[in-house]
Asks: 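Pasting in a structure now, in structure tokens, and then I'll have a few things to ask.
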Amino acid sequence: TLFLYTESDSRNSTGVEIGTYTITRGGVEGYTTVPNPNTQTSVSAAEAYSHTATVLVNGNTVRFDVPPTEQNGRTLVPMRAIFEALGADVSWNEDSQSVLSNIGDTFIFLTVGKNEMMVDGTLTTLDVPPVILNNRTFVPVRAISEAFNCSVEWDASVRTVRITTR
């Protein structure tokens with residue numbers, strides 16, 4: 001059994017709702033695999049990417065169907081693309097607007113609009129919460145990457161996030 005942050009009736013001392021899920025090979029009850037949507041944006045890909053950050057994982061450019069965005073000085077990226085680029089499994093719970101992801105034995109859990117993330121049972125505070133924009137869930141790229149023990153560098157001169165997996 002793995003302790004994860006989730007929507008339930010119990011709360012910890014800071015008022016954060018908590019619960020317990022059993023992780024199985026088939027997934028977690030109440031969670032579904034995130035579909036790979038094919039949608040159009042209102043601007044061309046070249047135009048959209050010219051104003052946003054580039055994200056590299058192990059030197060390879062991550063392509064997003066909706067461009068990354070910034071909030072409060074933090075880069076947020078569409079969740080499916082970044083999780084897959086890092087080699088993570090990802091599940092989405094529409095009812096609770098929450099994300100469950102893992103690489104091996106490392107599990108993270110986030111909820112849209114909440115500036116907290118559970119990493120292997122430890123609650124951490126996010127500088128910016130996950131958000132939904134253009135019908136996509138965006139997550140803070142540094143927090144997600146570091147939760148999976150990746151190194152992250154920001155090169156402001158070329159607006160590039162460089163992630164190296166370990």
Side-chain angles (χ1 to χ4, degrees), residues 1-37 53 55-60 62 64-66 68-133 135-154 161-166:
T1 300
L2 178 68
F3 179 76
L4 293 171
Y5 175 79
T6 184
E7 300 298 322
S8 71
D9 293 332
S10 60
R11 293 178 181 266
N12 69 11
S13 61
T14 61
V16 175
E17 298 176 20
I18 55 175
T20 303
Y21 284 109
T22 301
I23 306 300
T24 64
R25 196 166 216 213
V28 177
E29 184 178 339
Y31 287 81
T32 57
T33 301
V34 178
N36 186 4
V55 178
L56 304 174
V57 174
N58 297 328
N60 298 311
V62 180
F64 301 104
D65 62 341
V66 177
T69 188
E70 286 185 28
Q71 290 189 355
N72 298 327
R74 299 293 180 213
T75 301
L76 288 97
V77 296
M79 74 167 182
R80 178 181 173 80
I82 195 60
F83 283 125
E84 288 182 351
L86 294 173
D89 293 321
V90 62
S91 298
W92 170 252
N93 185 305
E94 182 67 30
D95 293 336
S96 65
Q97 301 282 285
S98 58
V99 180
L100 175 66
S101 183
N102 76 290
I103 296 176
D105 292 336
T106 301
F107 287 83
I108 65 173
F109 185 86
L110 306 104
T111 301
V112 170
K114 294 189 179 186
N115 68 337
E116 297 169 325
M117 173 174 60
M118 186 67 73
V119 180
D120 289 336
T122 301
L123 190 64
T124 61
T125 301
L126 300 169
D127 293 333
V128 293
V131 296
I132 296 178
L133 302 169
N135 296 316
R136 296 289 179 278
T137 302
F138 283 71
V139 294
V141 68
R142 177 178 291 277
I144 295 303
S145 301
E146 289 178 347
F148 285 129
N149 201 30
C150 299
S151 65
V152 181
E153 297 175 10
W154 169 248
V161 177
R162 288 185 180 87
I163 302 167
T164 304
T165 60
R166 298 178 192 194

Asks: CG/N115 to OG1/T124 distance, rounded to the nearest 0.5 angstrom?
Replies: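 Nearest 0.5 Å value for the CG-OG1 distance: 9.5 Å.
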Asks: What pair of heavy atoms forms the shortest contact from T106 to F148, and how long is it?
Replies: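 Shortest heavy-atom separation between T106 and F148 comes out as O-CE2, 3.5 Å.
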Asks: Calculate, to the nearest 0.5 Å, the distance between atoms OG and CE belonging to S101 and M117 respectively.
Replies: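 Going from the OG atom of S101 to the CE atom of M117 covers 10.5 Å.
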Asks: Just jot down the salt bridge (Lys or Arg N to Asp or Glu O under 4.0 Å) partners of D89, sequence neighbours excluded, or say none.
Replies: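 Partners of D89 under the salt bridge (Lys or Arg N to Asp or Glu O under 4.0 Å) test: none.
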Asks: Just by modelled atom types, is the E94 backbone N or O under 3.5 Å from a matching donor or acceptor in the Q97 side chain?
Replies: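 Present.
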Asks: Going by heavy atoms in the side chains, are W154 and V141 under 4.5 Å from each other?
Replies: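 No, their side chains stay 4.5 Å or more apart.
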Asks: Restricting to non-hydrogen atoms, name the atom on L86 and the atom on I163 that form the minimum distance, rounded to 0.1 Å.
Replies: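 L86 and I163 have their closest heavy atoms at CD2-CG2, 3.8 Å.
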Asks: Does E153 have more than 12 heavy atoms from other residues, nucleotides or ligands lying within 6.0 Å of its CD?
Replies: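 For E153, atom CD is not crowded (no more than 12 foreign heavy atoms under 6.0 Å).
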Asks: Look up atom OG1 in T111 and atom CE in M118, then write down how far apart they are to the nearest 0.5 Å.
Replies: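 So the gap between those two atoms works out to 10.0 Å.
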Asks: If you look at every heavy atom in N58 and T164, which pair is closest and at what distance?
Replies: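 Minimum heavy-atom separation between N58 and T164: OD1-CA, 3.4 Å.
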Asks: What is the distance from atom CD1 of I82 to atom CE of M79, rounded to the nearest 0.5 Å?
Replies: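 So the gap between those two atoms works out to 12.5 Å.
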Asks: Minimum heavy-atom separation for V66 and F138, please, with both atom names.
Replies: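 Between these two residues, the closest heavy atoms are CG1-CZ, 3.6 Å.
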Asks: Scan residues 121-132 for pairs that pass salt bridge (charged side-chain N to carboxylate O under 4.0 Å, His left out), counting only residues two or more places apart or in two chains.
Replies: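 As it turns out, the salt bridge (charged side-chain N to carboxylate O under 4.0 Å, His left out) pairs with a partner in residues 121-132, which skip direct neighbours, are R74-D127.
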Asks: For R136 and T69: C-alpha separation, side-chain torsions, deciding distance, then whether side chain to side chain contact (heavy atoms under 4.5 Å, CB included) applies.
Replies: CA-CA 12 Å; R136 296 289 179 278; T69 188; over 6 Å; no
Asks: Distance check, rounded to the nearest 0.5 Å: T137 atom OG1 versus R80 atom CZ?
Replies: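 Answer for the OG1-CZ pair, T137 versus R80, is 12.0 Å.
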Asks: I need the minimum non-hydrogen distance between P130 and L110, along with the two atoms involved.
Replies: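 What the structure gives for the nearest pair is CG-CD2, 3.6 Å.
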Asks: Measure the spacing between CD of E116 and CG of L123 and express it to the nearest 0.5 Å.
Replies: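 The CD atom of E116 sits 4.5 Å away from the CG atom of L123.
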Asks: What heavy-atom pair brings T75 and P68 nearest, and what distance separates the two atoms?
Replies: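 Between these two residues, the closest heavy atoms are CG2-CB, 4.3 Å.
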Asks: With a 4.5 Å cut-off on side-chain heavy atoms, are F109 and N93 touching?
Replies: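 No, their side chains stay 4.5 Å or more apart.
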